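The first residue in the sequence is number 1, and the count goes up from there. Note that the structure is predicted; figures quoted are calculated from it, not measured. Whatever order the structure lists them in is the order used to number ligands and atoms, beginning at 1.
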Amino acid sequence: MSAPDPRNQAARLDAVDSLGAFRDAFALPRGPDGQPLIYLCGHSLGLAPRDARKIVIGELDDWELLGVLGHEQARHPWIGYAEMLQQDLAELCGAEPAEVVAMNSLTVNLHLLLAGFYHPGTPRRRILLEAGAFSSDRHVITSQLRWHGLDPAAEMIELTPRPGDHLLRIEDIEARIATEGESLALILWPGVQYRTGQCFDLARIAAAARRVGAVLCLDLAHAIGNVLLDLHGWAVDCAAWCSYKYLNGGPGAIGGAFVHRRHQDNTRLTPLLGWWGHEPDSRFQMPSEHLPAEGAMRWQLSNPPILSTAPLLASLREFHRAGMQRLRAKSIQLTDFLESLLLPSLDQYLQLLTPHRSEERGAQLSLRLFGPRDHARRVYESLLPRGVVADWREPHIIRIAPAPMYTSFDDVRRAAEIIAAAVLETR
Ligand SMILES: Cc1ncc(COP(=O)(O)O)c(C=O)c1O
């Protein structure tokens, strides 16, 4: 029997895609010929929701019309802006609305969470992370340890994959947590690894952390809006994310944080305080005592940046309408389809760094090209002129992610053809 024709396969899948219409809610960047590019870079910067312009302009209009009165009289009163995002963010996190807050940016939020949750003592003071962690996460831990007068070389534990492996195994993560036992104060772990696209079993990591009494803090930069999360159910202590990737909040968009409800009255926590984390009804009385707002809201320091939050409001509406379950189901289909079109035919030229099993990855596939770095780089550089937006990680990795909100199966089919041609012709 001959292999199915990818063009027909893609057409069939697009015809029954119940999320297909959401593509029109986003602006697709165009190439020099005026045609939409195939955008596989939602893991880096998501696309602009078409309503973002309207909402941002609306805020500017209200500012011009109302000045300071906009805090209460704008169409979306600025005083309650962060609160407007809570319900939709909670849906994406698997959390209660009071457990999430939109604020600051990711690295800032990681620092704030660690300021509140990390209390090194004896013997409990070590921090565990993965050896390939995003640079900023390492910097956060290194500087937090130094801030407490501790030596990162002694107290920061970096877990590496087994020799010859490039992915971490869940049983090795659990075993390391158990071995560190009561020396472990905190674990900083990604939901989805930025470089390999590996999606971790966070329920098991959370359970392992609880067994030894360590705090689990998650970096959800590549997970939120990408994979299904159940932060409350898994009893994760805290988490932070940025909103410019799968959440389409725009460049430098406001980030977010989660703090589990069980920490509401935890008197051991030492969150850094600011007036915006004060209970809203008496905030403007400027009391000298800080009365914490409910839940994650108490972690806010300042009033939110309305203009960098407005696009997120537009995007979260689309997430709410689409539903994360449906998005994830389509995402699995898209990424599996992409993999099936690229591999095994390109096996001799590249390796898929991302796990093959869909439950162990999100939308992203990371392709490691064989051969010299410059050759791999030429392959990557030939993609954009052929109409595909991907990204590059040194020394030889191309990352591609068909975000289900705005990517069609035919996009994936064409991208696979273009990538295959780029690999075969750039030799
Ligand atoms: C996994 C991960 N952590 C942290 C960051 C840092 O984010 P920010 O610049 O918003 O602090 C990024 C940015 O891309 C990231 O991908």
Does the side chain of [X] pick up a donor-acceptor pair with the side chain of [Y] at under 3.5 Å?
| X | Y | value |
| --- | --- | --- |
| Ser18 | Arg326 | yes |
| Glu59 | Tyr81 | yes |
| Glu318 | Ser315 | no |

For [atom], which protein heavy atom lies nearest, and how many Å away is it?
| atom | result |
| --- | --- |
| atom 16 (O) of ligand 1 | His222 NE2, 3.0 Å |
| atom 3 (N) of ligand 1 | Asp219 OD2, 2.7 Å |
| atom 7 (O) of ligand 1 | Tyr244 OH, 3.0 Å |
| atom 5 (C) of ligand 1 | Phe134 CE2, 3.3 Å |
| atom 4 (C) of ligand 1 | Leu106 CD2, 3.2 Å |

Query raised in the report: In ligand 1, which numbered atoms sit nearer than 4.0 Å to a non-hydrogen atom of Ala221?
Result: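 Per the distance check, 1 (C), 2 (C), 15 (C), 16 (O).
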Report task. Using distance alone, decide if ligand 1 has a nitrogen or oxygen within less than 3.5 Å of any nitrogen or oxygen in Lys245. Result ->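 Yes, there is a polar N/O contact under 3.5 Å.
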**Report entry** Parallel, tilted or perpendicular, as decided by the 30° and 60° cut-offs, for the rings of Trp299 and Phe117
**Finding:**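 Because their plane-to-plane angle is under 30°, the rings of Phe117 and Trp299 count as parallel.
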**Report entry** Check: His43 and Lys245 side chains under 4.5 Å, non-hydrogen atoms
**Finding:**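 Result no, sub-4.5 Å side-chain heavy-atom pair not found.
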Query raised in the report: Where does Thr107 meet ligand 1, judged by heavy-atom distances below 4.0 Å: at the side chain, the backbone, both, or neither?
Result: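 It is both backbone and side chain that touch ligand 1.
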Query raised in the report: Is it the side chain, the backbone, both or neither of Asp137 that has a heavy atom closer than 4.0 Å to ligand 1?
Result: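 For Asp137, the contact with ligand 1 is made by the side chain alone.
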Query raised in the report: Can you tell me if CZ on Arg373 sees more than 12 non-hydrogen neighbours from other groups inside 6.0 Å?
Result: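 Counting neighbours around CZ of Arg373, more than 12 heavy atoms of other residues, nucleotides or ligands fall under 6.0 Å, so yes.
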Query raised in the report: With a 6.0 Å cut-off on ring centres, are His148 and Tyr118 close enough?
Result: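 Yes, the ring centres sit under 6.0 Å apart.
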